[in-house]
Amino acid sequence: MSYVPQAKIILRISCKDLIRKDVLSKSDPMCIVYMSSLQSNNQFVEIGRTERIKNTEDPEFVTPINVNYFFEEVQQLRLTVYDSDANQGGGSLQQHDFIGECEATLGEVVGAGGGHFSKPLLQKEGKKKGGIINVEANEVKESNSSITLHFAGKHLDKKDFFGKSDPYLEISYENSVGGWSVVHKTEVIKKTLDPTWKPFTVPIMHLCNGDPGRKLKFAVFDWDSDGSHDLIGIDFTTINELKAGSKTEFDLINKKKLPGGVKEKKGYKNSGVLHLINCSVTEGKKSFMDLLHEGLQLNFTVGIDFTQSNGDPRQPTSLHFISPYQPNEYVAAIQSVGAVIRDYDSDKLFPALGFGGKLPNGTVSHAFSMTGDETNPYCHGIEGIVAAYHKSIQTVQLWGPTNFAPIITQTCGFADAAKQNAHPSYFVLLIITDGVITDMAATKTAICKASELPISLIIIGVGGADFSGMHTLDADQGALRDNMGNVAARDVVQFVQFREHSHNHAQLAAEVLKEIPQQVQEYAEKHNFLK
């Protein structure tokens, strides 16, 4: 399964108060960064290392660590600091002295206030502190910007014996193996030595592979119908140089005509000039990472189906059966989704609600607190949600019917109230259910209301029921409309069936969470969220 990264991120690393490993001097630290993710089959692999800095306890490393950021995954980082005893930090790790290491998810780093994350470095025994490591996460801004370029050629070399050239411009970037990757070709303009090509717009991410300092090559060719296009000349630049406007004339050089070349030409200056008529950059919309860095919190709420169709919790065939050996589908879904989203909520307090159950006082409720305290449904951490669920299964009688509207409406209330908070919040409601919704009309109306609020709804179907009706709520084929004609302002629902991903719970989380960043951005753009 392949997903598109939410962003390209640069990690910049520094440390404070590193312990000394050299007797007569300070350490010569370097940092190696490993990551475990779906892409590496959850195995730690090295993704980069910093340079070695000599004689310091407080290194500020210059070498950046580049990483693709996937919101919907748990990307586990391990940052290991060594006192390097080899030149430039190379060689076997046995040559270096271990100072300390720490682990964190990329989500924790990205979700930290302002993108600045700090954590103690622990030594091998996991107790003694080796210093503090600081990680700053910044998005490669060109990943959501585009550039419009307009070029003309002047006095190009004549390449055709019986007529003028048929020139076109080709742009490439220097790739990681020292070659050139073509990213854009203009149209061919026939029979001219002074062409003016049409303006064109390309994403900066595509033009320079996310690095505005990467070398670009401009090559002008004379087009031939047999495909043997003749090079007129080339020159080089970067996105940074284009944006600065410091160079608008590019001498097109053909190496064959330089001294010593096979077509050496006396007094050769160039094969024409490439003139940049106009360069303009369109900045992208505020990204998901921008919103996180400005203080956005993601609040996670869980809703659990307590209807009778789940089966008697005392029987192993029940979807609510609590086995001492492995989590049931409800717990597995809570843990897999919660493992990702908890990193974006600073207080780690999550409302845990149930629906379709008969409470100990005899009341049937479709939005009750699983903590047993109706005034405080908040649980501390994902472990707290699971503990409240286990307790509720022992005290709440499975009943019915399967109504979603009340729990969605209650989450809308949370979102309304949170508008007054200093740090704006976006709410993600996870509903886990085993059956068909019995209040579909009311649920559609509740979702239409939720679409105007900072809310996303993810639904996971457990068990083997027919969930085909759920896809009407996941409005990927068109806007959701309720029975009164109200139309959802945006698509806020994602449905996934648990058993389609039961072999890999991380992929389950990735599938249900992959649309969240886009939904957050859509809401932010429409409502001036975090002005």
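Residue numbers count from 1 along this sequence.
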Restricting to non-hydrogen atoms, name the atom on Pro167 and the atom on Thr192 that form the minimum distance, rounded to 0.1 Å. CD-O, 3.4 Å

Does Leu106 reach the side chain of Phe70, with side-chain heavy atoms less than 4.5 Å apart? no

Using a 4.5 Å cut-off on heavy atoms from C-beta on, say whether the side chain of Gln297 contacts that of Ser346. yes

Taking the six-membered ring for Trp and the full ring for Phe, Tyr or His, determine whether the centres of Phe218 and His184 are under 6.0 Å apart. no

Using every non-hydrogen atom in the two residues, find where Ile455 and Arg490 come nearest and quote the distance to one decimal. O-NH2, 3.2 Å

Met289 versus Tyr69: any side-chain heavy-atom pair under 4.5 Å? yes

Mind checking whether Leu291 and Lys286 have side chains closer than 4.5 Å, heavy atoms only? yes

Any side-chain heavy atom of Val182 within less than 4.5 Å of one from Glu170? yes

Decide yes or no on side chain to side chain contact (heavy atoms under 4.5 Å, CB included) for Val67 and Val33, but give the supporting numbers first. CA-CA 10 Å; Val67 60; Val33 182; over 6 Å; no

Chi angles and distances behind the side chain to side chain contact (heavy atoms under 4.5 Å, CB included) call for Leu276, Phe151: CA-CA 5 Å; Leu276 177 61; Phe151 287 101; 3.7 Å; yes

Could you tell me how the ring of Phe288 sits relative to the ring of Phe71: parallel (under 30°), tilted (30 to 60°) or perpendicular (over 60°)? perpendicular

Gln519 versus Gln494, side-chain donor and acceptor atoms under 3.5 Å: no

Work out which heavy atom in Ile133 is nearest to a heavy atom in Val81; give both atom names and the distance. CD1-CG2, 4.1 Å

Output, in order, the C-alpha distance, side-chain angles, deciding distance and verdict of salt bridge (charged side-chain N to carboxylate O under 4.0 Å, His left out) for Lys247 and Asp235. CA-CA 12 Å; Lys247 186 176 181 182; Asp235 200 2; 3.3 Å; yes

Is there a side chain to side chain contact (heavy atoms under 4.5 Å, CB included) between Ile9 and Asn66 once you walk through the steps? CA-CA 6 Å; Ile9 292 177; Asn66 298 291; over 6 Å; no

Would Glu60 and Arg12 satisfy side chain to side chain contact (heavy atoms under 4.5 Å, CB included), going step by step from the backbone distance to the final call? CA-CA 8 Å; Glu60 294 187 359; Arg12 298 197 179 277; over 6 Å; no

Counting distance only, does the side-chain N/O of Glu101 pair as donor-acceptor with the main-chain N or O of Arg78 below 3.5 Å? no

For residues Phe300 and Ile382, determine if any side-chain heavy atom of one lies less than 4.5 Å from a side-chain heavy atom of the other. yes

Heavy atoms, side chains only, cut-off 4.5 Å: are Val202 and Ile147 in contact? yes

Under 4.5 Å between any side-chain heavy atoms of Pro29 and Thr56, yes or no? yes

Judged by modelled atom types alone, do Ser271 and Asn254 share a side-chain donor-acceptor pair under 3.5 Å? no

If you measure from the Lys or Arg side-chain nitrogens to the Asp or Glu carboxylate oxygens, is any gap between Lys514 and Glu511 under 4.0 Å? yes

